[in-house]
Amino acid sequence: MIVGLGDVVTSKEKRIDFDYDIDLSSIEISGEYPFVDPVTVYGSVEDKNGAFALEATIEATVTTACARCLREVKYDKIMDVSLILTRQIDNEEMDDIIFVETDNVELDDILVPELLLDLDPVVLCKPDCKGLCVKCGHDLNEGECGCNRKEVDPRLAVLQDLLKKRD
Ligand SMILES: [Zn+2]
Ligand SMILES: [Zn+2]
């Protein structure tokens with residue numbers, strides 16, 4: 001959604017509220033499409049004597065795969081964003097200041113990157129997920145597959161062979 005900063009200044013309450021959905025279903029991250037469901041953003045842009053305070057809440061349902069067993073996981077992510085928008089370059093360099101060049105500010109361009117940067121890189125279906133068997137790919141949450149998964153160090157393997165020969 002585009003907010004006109006001039007409109008914020010001339011509005012009666014010196015602020016414009018917003019509440020809308022963004023369709024991010026085409027965004028792909030590492031081969032996944034995390035935003036099957038629409039992402040909701042709401043908040044306000046308020047005139048603060050030349051600069052503008054952007055306060056927003058982002059609500060997303062994230063669909064991803066468990067990092068261990070690859071099962072589909074859906075979780076709700078709610079985050080608050082608090083930023084200052086300004087057209088003045090002489091402001092102090094700060095993390096939460098965004099320079100805007102035009103009067104019309106596309107909120108999606110500011111809020112979507114905030115969401116993407118804040119996604120958890122590793123998500124588990126449950127804290128004690130047992131993952132997949134490295135040998136046969138069986139989901140170990142569903143029980144043992146019977147594989148011997150004790151990896152033998154190649155240097156130890158040589159020793160093991162020597163011991164076998166002695167027997
Ligand atoms: Zn899992
Ligand atoms: Zn196995």
Side-chain angles (χ1 to χ4, degrees), residues 1-3 15-46 52-85 93-100 105-167:
M1 178 180 142
I2 290 172
V3 168
R15 65 182 250 179
I16 287 180
D17 294 329
F18 56 86
D19 184 346
Y20 65 102
D21 286 348
I22 313 178
D23 177 11
L24 298 180
S25 58
S26 62
I27 287 192
E28 182 192 333
I29 300 171
S30 311
E32 294 184 330
Y33 295 89
F35 307 106
V36 181
D37 306 297
V39 173
T40 302
V41 296
Y42 55 88
S44 63
V45 179
E46 192 171 352
F52 297 86
L54 168 62
E55 302 282 345
T57 300
I58 305 174
E59 290 186 5
T61 301
V62 183
T63 307
T64 185
C66 170
R68 286 187 198 153
C69 73
L70 307 179
R71 234 186 266 198
E72 186 182 279
V73 183
K74 264 184 189 249
Y75 67 96
D76 291 326
K77 179 171 184 62
I78 300 176
M79 65 179 290
D80 291 322
V81 176
S82 189
L83 295 165
I84 299 292
L85 311 179
E93 280 290 339
M94 279 170 70
D95 280 352
D96 55 356
I97 289 185
I98 291 187
F99 292 109
V100 288
V105 177
E106 174 55 85
L107 294 178
D108 299 15
D109 292 346
I110 297 170
L111 298 177
V112 172
E114 292 286 326
L115 171 65
L116 298 184
L117 285 172
D118 202 54
L119 286 182
D120 300 319
V122 174
V123 175
L124 298 178
C125 61
K126 54 185 178 184
D128 61 343
C129 172
K130 294 188 176 75
L132 302 178
C133 169
V134 290
K135 291 250 168 93
C136 73
H138 176 77
D139 187 342
L140 296 172
N141 296 303
E142 289 166 8
E144 268 300 329
C145 52
C147 292
N148 177 16
R149 286 188 300 280
K150 290 209 175 67
E151 288 300 315
V152 180
D153 187 302
R155 286 162 299 178
L156 288 178
V158 174
L159 197 66
Q160 234 171 20
D161 285 347
L162 286 172
L163 290 172
K164 256 184 226 155
K165 277 176 197 154
R166 272 173 50 183
D167 286 346

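A quick note: this is a predicted structure, and the numbers were derived from the prediction, not measured. In listed order, ligands and their atoms are each counted from 1.
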Self-check item: side chain to side chain donor-acceptor pair (under 3.5 Å) partners of R15, counting only residues at least two apart
Solution: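 Applying side chain to side chain donor-acceptor pair (under 3.5 Å) to R15 gives D17.
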Would you give me the side-chain donor-acceptor pairs under 3.5 Å for residues 106-113, sequence neighbours excluded?
residue	atom	partner	partner atom	Å
E106	OE2	M1	N	2.8
E106	OE2	D108	N	3.0
D108	OD1	M1	N	2.7
D108	OD1	Y20	OH	2.5

For the atom pair [atom1] ([X]) and [atom2] ([Y]), what is the distance rounded to the nearest 0.5 Å?
| X | Y | atom1 | atom2 | result |
| --- | --- | --- | --- | --- |
| E144 | C133 | CD | SG | 7.5 Å |
| D96 | L83 | CG | CG | 6.5 Å |
| D139 | N141 | CG | CG | 4.5 Å |
| L124 | R68 | CG | CZ | 4.5 Å |

Quiz prompt | Cut-off under 2.8 Å, centre the Zn ion (ligand 1), protein N/O/S atoms | solution =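 Atoms qualifying: C66 SG, C69 SG, C125 SG, C129 SG.
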Self-check item: Pair S44-E55, side-chain donor/acceptor within less than 3.5 Å
Solution: no
Quiz item: Side chains of E72 and T63: does their closest heavy-atom pair fall under 4.5 Å?
Solution: yes
Practice problem: Answer yes or no: is there a side-chain heavy-atom contact under 4.5 Å between T64 and P34? | Solution: no
Quiz item: Sorted by chain and residue number, which protein N/O/S atoms are under 2.8 Å from the Zn ion (ligand 2)?
Solution: C133 SG, C136 SG, C145 SG, C147 SG
